[in-house]
Participant: 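Have a look at this one before I ask anything.
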Amino acid sequence: QVQFVESGGGLVQPGGSLRLSCTGSGFTFSNYAMSWYRQAPGKERELVATIGTGGVTTNYAESVKGRFTISRDNSKNTVYLQMNSLKPEDTAMYYCKATRMLNRYWGQGTQVTVSS
């Protein structure tokens, strides 16, 4: 069965950094593009960043461009999100997603709270 282990969330002050990790199992990780989404209370889920199967092609939401970096290590079945210069508006549940054609797998989410 498909499973994800997400980690790295927590409470940080504005301007701080966190690195999220999402490790998948039960599917061929290297065949899937990976994405990070986030959802804040009362808001719809939004796309934060995506990365292609080989780790070369990346895309970012305008709101995080220059602050966040998505990467992957296919040998570890893991996708990362390095988050720098965090702002209170980055506070949300963060979810990883695997995509191949019409197939979709979602992680359980990890909480990121940015507050002074």
Participant: Mind checking whether V2 and M34 sit in one hydrophobic cluster, side chains of I, L, V, M, F, W, Y counted as touching below 4.5 Å?
Facilitator: yes
Participant: Checking the side chain of E6 only, and the main-chain atoms of C96 only, is there a donor and an acceptor separated by less than 3.5 Å?
Facilitator: yes
Participant: Show every donor-acceptor pair shorter than 3.5 Å between a side-chain atom in residues 42-59 and any protein atom, with sequence neighbours excluded, or say none if there are none.
Facilitator:
residue, atom, partner, partner atom, Å
E46, OE2, R38, NE, 2.6
E46, OE2, R38, NH2, 3.2

Participant: Examine distances only and state if a side-chain atom of D90 and a backbone atom of K87 form a donor-acceptor pair shorter than 3.5 Å.
Facilitator: yes
Participant: Can you name the nearest heavy-atom pair linking Y60 to I70, along with the distance?
Facilitator: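 Minimum heavy-atom separation between Y60 and I70: OH-N, 3.0 Å.
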Participant: Check the hydrophobic clustering (I, L, V, M, F, W, Y; side-chain heavy atoms under 4.5 Å; chains of links allowed) and say if V5 and Y95 are grouped together.
Facilitator: no
Participant: Write down the atom of N74, the atom of S30, and the distance for their closest heavy-atom approach.
Facilitator: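 Minimum heavy-atom contact is ND2-CB, 3.8 Å.
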Participant: Could you check whether atom CD of E89 has more than 12 heavy atoms from other residues, nucleotides or ligands sitting under 6.0 Å from it?
Facilitator: yes
Participant: What about W36 and Y80, same hydrophobic cluster or not, with Ile/Leu/Val/Met/Phe/Trp/Tyr joined at side-chain heavy-atom distances under 4.5 Å?
Facilitator: no
Participant: For T23, is there any backbone N or O sitting under 3.5 Å from a side-chain donor or acceptor partner on T78?
Facilitator: no
Participant: What about the rings of Y37 and W106, do their centers lie closer together than 6.0 Å?
Facilitator: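 Yes, the ring of Y37 comes within the 6.0 Å limit of the ring of W106, centre to centre.
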Participant: Could you work out the complete set of other residues in the hydrophobic cluster of M101, with links drawn between I, L, V, M, F, W and Y side chains under 4.5 Å apart?
Facilitator: none
Participant: With a 4.5 Å limit on heavy-atom distance, are the side chains of F29 and R72 in contact?
Facilitator: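 Heavy-atom side-chain distance check passes, below 4.5 Å.
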Participant: Distance check, rounded to the nearest 0.5 Å: Q82 atom CD versus S71 atom OG?
Facilitator: 8.0 Å
Participant: Would you call the rings of F27 and Y105 parallel, tilted or perpendicular if under 30° counts as parallel and over 60° as perpendicular?
Facilitator: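 Ring orientation of F27 relative to Y105: tilted.
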Participant: Can you tell me how far OG of S63 sits from CZ of F68, rounded to the nearest 0.5 angstrom?
Facilitator: 7.5 Å
Participant: When clusters are formed by joining ILVMFWY residues with side-chain heavy atoms under 4.5 Å apart, either directly or through shared neighbours, do L20 and V12 land in the same one?
Facilitator: yes
